[in-house]
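Residue numbers start from 1 in every chain, and the chains themselves are labelled A, B, ... in the order their sequence lines are given, proteins ahead of strands.
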Amino acid sequence: MDSLYNPSGVEERWQQTWESEGLYSAEPGSGRETFVVAHPPPNVTGALHTGHALQISLADTLVRWHRMRGFETAFLTGYDHAGISTQNAVEKHLASQGKSRQELGREAFVELVWEWLHEYGRTITDQFRRMGASMDYARERFTMDDAYVRAVMRYFVHLHGKGWIYRANRIINWCPFHETSLSDLELVHEEVDDALTYVRYPFADDGGDGVTLATARPATILGDVAVAVHPDDDRWRHAVGREVVVPFVERRVPVVADERVDPEFGTGALKVTPGHDPMDFEIGLAHDLPELTVIGPDGRMNEAAGELAGLSQEEADRRILDWVREREQLVKREAYRHSVALCERCKSRIEPLISLQWWCRMDELKRPAVEALREGRVRYHPESQHRYAVDSLDNAPDWNISRQIWWGHQLPVWECPDGHLTVQEDTPDACSECGSTELERSEDVLDTWFSSALWPFAILGWPESTPELEAWYPGTLNTTAREIIRLWENRMIFSGLELMGGIPFRDVIIHTTVLAADGRRMSKSLGTGLDPLDLVAEHGADATRYGLMKMASSQDVRFNEKVIQEGRRLANKLWNVSRLILSNSAGATPEARPRDAEERWILARLDATRAELERSWSAFDFAPAANELYHLTFDDFCDWYAEAIKPRFRDGEDADVRATALAALERLLKLLHPVMPHVTEEIWSQLPAREQRLILSPWPEADSSHAGDLHALDRVQEAAALFRRSGAAVELDQDQRRIFDAVVRPDRVRADGDPTAEIERLRKEIARAEGMLGNERFVSRAPEDVVEAEREKLARYRRELEALGG
RNA sequence: GGGCGCAUAGCUCAGCGGGAGAGCGCCCGCUUCACACGCGGGAGGUCCCUGGUUCGAUCCCAGGUGCGCCCACCA
């Protein structure tokens, strides 16, 4: 064994061994209690990022812990076809060759996507493997697998049959590049410098000045069907009920009063363009106004724009501004900074358009899920995220589930020439209404999240009845990032309740968002991203897992490579103390036969740490567990226990000390294994009398037999601290003296410290404690144990002061 | 505009009603036969501000300030 632990090579070797020996595989129906994690499927073209790495570190720790505890663990994974994202990647590739998907046509394009995936897709699970994720890779599923597609079709038909899926014209977010609708959740918002234009709309009857209003998008003036003001706005009360003339198109439109208008903005008057603005769309509905669409799906002015048809919006802006300027209706233009919606994939500016789309009604679907959350049958952690999840589900609007892209699950909807719709899983022979055989399938595909919503049971074979589905539904927990709650978690919950009749998992861990070191969001486009595989290459997967776990504390945390280095030092420390014990234990077998204080003490400390780990992992409270392991290894195990027994190793024949040391090391390895699986398995394999791999060896039982020894070294540790600070020695019994000499080695330490500062410190402490104990109100009102603890402290300070001769 | 979170040592963060902590960085001393990715010691802090509750507040409550993330239809 080298004196420097090098994880490279060791980790890969164990990853291959564990998997090839089938130790990652789960067996349905084994009869053991199950621990099931359906891991979030990464995008099929995706690469590992810090979020994945953190997620795996947390989930795999829990999985490995439960595997050791004898649970049948199923850690399941696979890929998401990721509609827009994947299509976008392939389109970029096409563009680099000067081609477009339109030139290829739909069929050839989809074929190209499959080829692309064959070549570039499905690499991320190898990166999961490299993190040490103990997933059942043989059960990988893809949302485009035939069986999965069947599940998606079944769900659509099911919801349609209940009347919860319908088609309607609504205003939606349109991406002019992808030429598809997008849900609100697929947008990003960005601040832009723009101009706000104040335009006067004259009254149609020529009396007075008319109404001046402000707009950021003059081109949409062509689609104006009204002007709206707030009903309580005295400035415009005279205008309500009259008509104004829309510039350029010279259309007469009414002035209406509506509470949605913000009187504080601009002049307090709003041009109403239901065809191109969501709020205007609502105002239009309320006032029974027509919906006029003047911008087409390509983002340019359409036929309804008359002489401006075919122009870009910028050109149309200019033409309209010229028109109002000539007629002195351009009041002013001012700089205006505001946020605009962009497509999260291509960053195109989103066009609100009225469009015929498919919707999923949420009111009844969400109700049982809200109930399950309110009753705590599914719990989000931390609690603050639970409240957010419930609120956002409770307020979820109907869900636009159709997309006009090409890569995805095509809707199981067929239309005949008379416009009748037939909805069924497989291609129908004839129209269900008129019997026509001239059917055309809808070209729309489903929102990617519609299929993701089925993940926890579709990967188990639903709608078929399978042993996996029987054994592993509901699962145990799910881990994800905050922004995925509405997109995915809530939808899995209502889908599971609807189709399976029960929740998909009990707990959802919303993990920390790891920010870049400078506090900005990690993102490829900002250049603030970080490749976890670089960390693994440099420090090892064990160190990376440890570091990420220790960082996973509050809601947002800055990435800190120092913590990963700390993990590497921990692995190295463990490696070296193992070398010490192994090299001194030839012929011994692990068995706890403690005789002296330090032996009983380390067994007590190991058991206390076991309990603490169980507590924090059960509460999904990861950072304290990492801390505890570090402290146990460095301070307790190495600096005290190992130092204390070293001379006894050298003394020779003490078989009990060696057997106990091996047993203690075994327990330490077990406690560390869920977090640092590789280095612990490597050391484990070198211990004598190995019957099974550490990954499968049982988690230590609770062992209270040494609980009384948890404080066995207190006096020695006090004495050591005092001696090292000041050179003073307190009285110790013979056994305590032996440990003190072994650990402190007063023969080698220069004990010439100046006791003055220490005396000063102790006098202050004594004064403080005496003050408290002399306060009658403290003694009578504080809890008895607090008062008692204070008395003990005072006694100790006096003892130490005496040793210093003060 | 709403929700959530965070303000503690130079940095990154624990702690959380009774003596201010860790890792890193810095200074000093150790080539101690497991480990210099180590061992020992040290310097360094009005625990953001103002009130309140309490025998006692870094910790609980109220208000404020600053920062971050998420969400949102101010044209």
Which part of the nucleic acid does [X] contact within heavy-atom distance under 4.0 Å: base, sugar-phosphate only, or nothing?
X: A/Leu515; value: sugar-phosphate
X: A/Arg796; value: base
X: A/Ser384; value: sugar-phosphate
X: A/Glu776; value: nothing
X: A/Asn775; value: sugar-phosphate
X: A/His338; value: sugar-phosphate
X: A/Val557; value: sugar-phosphate
X: A/Phe634; value: sugar-phosphate
X: A/Asp280; value: nothing
X: A/Arg486; value: sugar-phosphate

*Indicate yes or no: does A/Glu718 engage A/Arg799 in a salt bridge with an N to O separation below 4.0 Å.*
yes

_Check this for me: does any side-chain nitrogen of one of A/Arg648 and A/Glu598 sit under 4.0 Å from a carboxylate oxygen of the other?_
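Looking at A/Arg648 and A/Glu598, the cut-off is met.
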
[N] phosphate, OP1 or OP2: any side-chain N/O from [X] under 4.0 angstrom?
X: A/Arg558; N: B/rU12; result: yes
X: A/Lys573; N: B/rC39; result: yes
X: A/Lys550; N: B/rG23; result: no
X: A/His189; N: B/rC71; result: no

When you compare [N] with [M], how far apart are their [atom1] atoms, in angstrom units rounded to a whole number?
N: B/rC74; M: B/rU65; atom1: C1'; value: 27 Å
N: B/rG25; M: B/rU58; atom1: C1'; value: 24 Å
N: B/rG5; M: B/rG38; atom1: C1'; value: 38 Å
N: B/rG45; M: B/rC16; atom1: P; value: 25 Å
N: B/rA7; M: B/rC48; atom1: P; value: 8 Å
N: B/rC70; M: B/rC28; atom1: P; value: 45 Å
N: B/rA14; M: B/rA9; atom1: C1'; value: 13 Å

Partner of [N] by Watson-Crick or G-U wobble geometry, both contacts under 3.5 Å, or none?
N: B/rG56; result: none
N: B/rC33; result: none
N: B/rU46; result: none
N: B/rA9; result: none
N: B/rG17; result: none
N: B/rC69; result: B/rG3

What is the distance from [atom1] of [X] to [atom2] of [N], rounded to the nearest Å?
X: A/Glu758; N: B/rG41; atom1: CD; atom2: C1'; answer: 12 Å
X: A/Arg482; N: B/rC4; atom1: CZ; atom2: P; answer: 12 Å
X: A/Asp394; N: B/rG3; atom1: CG; atom2: C1'; answer: 15 Å
X: A/Arg387; N: B/rC71; atom1: CZ; atom2: C1'; answer: 16 Å
X: A/Arg170; N: B/rC73; atom1: CZ; atom2: C1'; answer: 15 Å
X: A/Asp556; N: B/rU12; atom1: CG; atom2: P; answer: 15 Å
X: A/Ile485; N: B/rG5; atom1: CD1; atom2: C1'; answer: 13 Å
X: A/Asn576; N: B/rC33; atom1: CG; atom2: P; answer: 13 Å

Will you find, in the side chains of [X] and [Y], an N or O donor that is under 3.5 Å from an N or O acceptor?
X: A/Glu334; Y: A/Tyr198; result: yes
X: A/Asp635; Y: A/Tyr630; result: no
X: A/Arg569; Y: A/Asn572; result: no
X: A/Gln313; Y: A/Arg217; result: yes
X: A/Thr197; Y: A/Lys332; result: no

Of the listed nucleotides [options], the one nearest the side chain of [X]:
X: A/Asp262; options: B/rA75, B/rC4, B/rA34; answer: B/rA75
X: A/Arg579; options: B/rA34, B/rG23, B/rC74; answer: B/rA34
X: A/Lys793; options: B/rG18, B/rC4, B/rC33; answer: B/rG18
X: A/Tyr388; options: B/rC70, B/rC39, B/rA34; answer: B/rC70
X: A/Pro783; options: B/rA14, B/rA72, B/rG18; answer: B/rG18
X: A/Glu483; options: B/rG41, B/rC70, B/rA34; answer: B/rC70
X: A/Phe265; options: B/rC39, B/rC69, B/rA75; answer: B/rA75
X: A/Arg569; options: B/rA75, B/rC37, B/rC4; answer: B/rC37
X: A/Arg725; options: B/rC35, B/rG41, B/rC71; answer: B/rG41
X: A/Tyr336; options: B/rC69, B/rC35, B/rA75; answer: B/rA75

_Take a 6.0 Å sphere around CD of A/Glu259 and say whether it holds more than 12 heavy atoms from other residues, nucleotides or ligands._
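Counting neighbours around CD of A/Glu259, 12 or fewer heavy atoms of other residues, nucleotides or ligands fall under 6.0 Å, so no.
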
_Pair of N/O donor and acceptor under 3.5 Å linking B/rA75 base with A/Glu264 side chain_ =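 Answer is no: no donor-acceptor pair is held.
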
_Both conditions, 6.0 Å and 45 degrees, for the charged tip of A/Arg491 above the ring of A/Trp399: are they met here?_
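Judged by the rule (NZ or CZ under 6.0 Å from the ring centre, within 45° of its axis), A/Arg491 counts as positioned above A/Trp399.
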
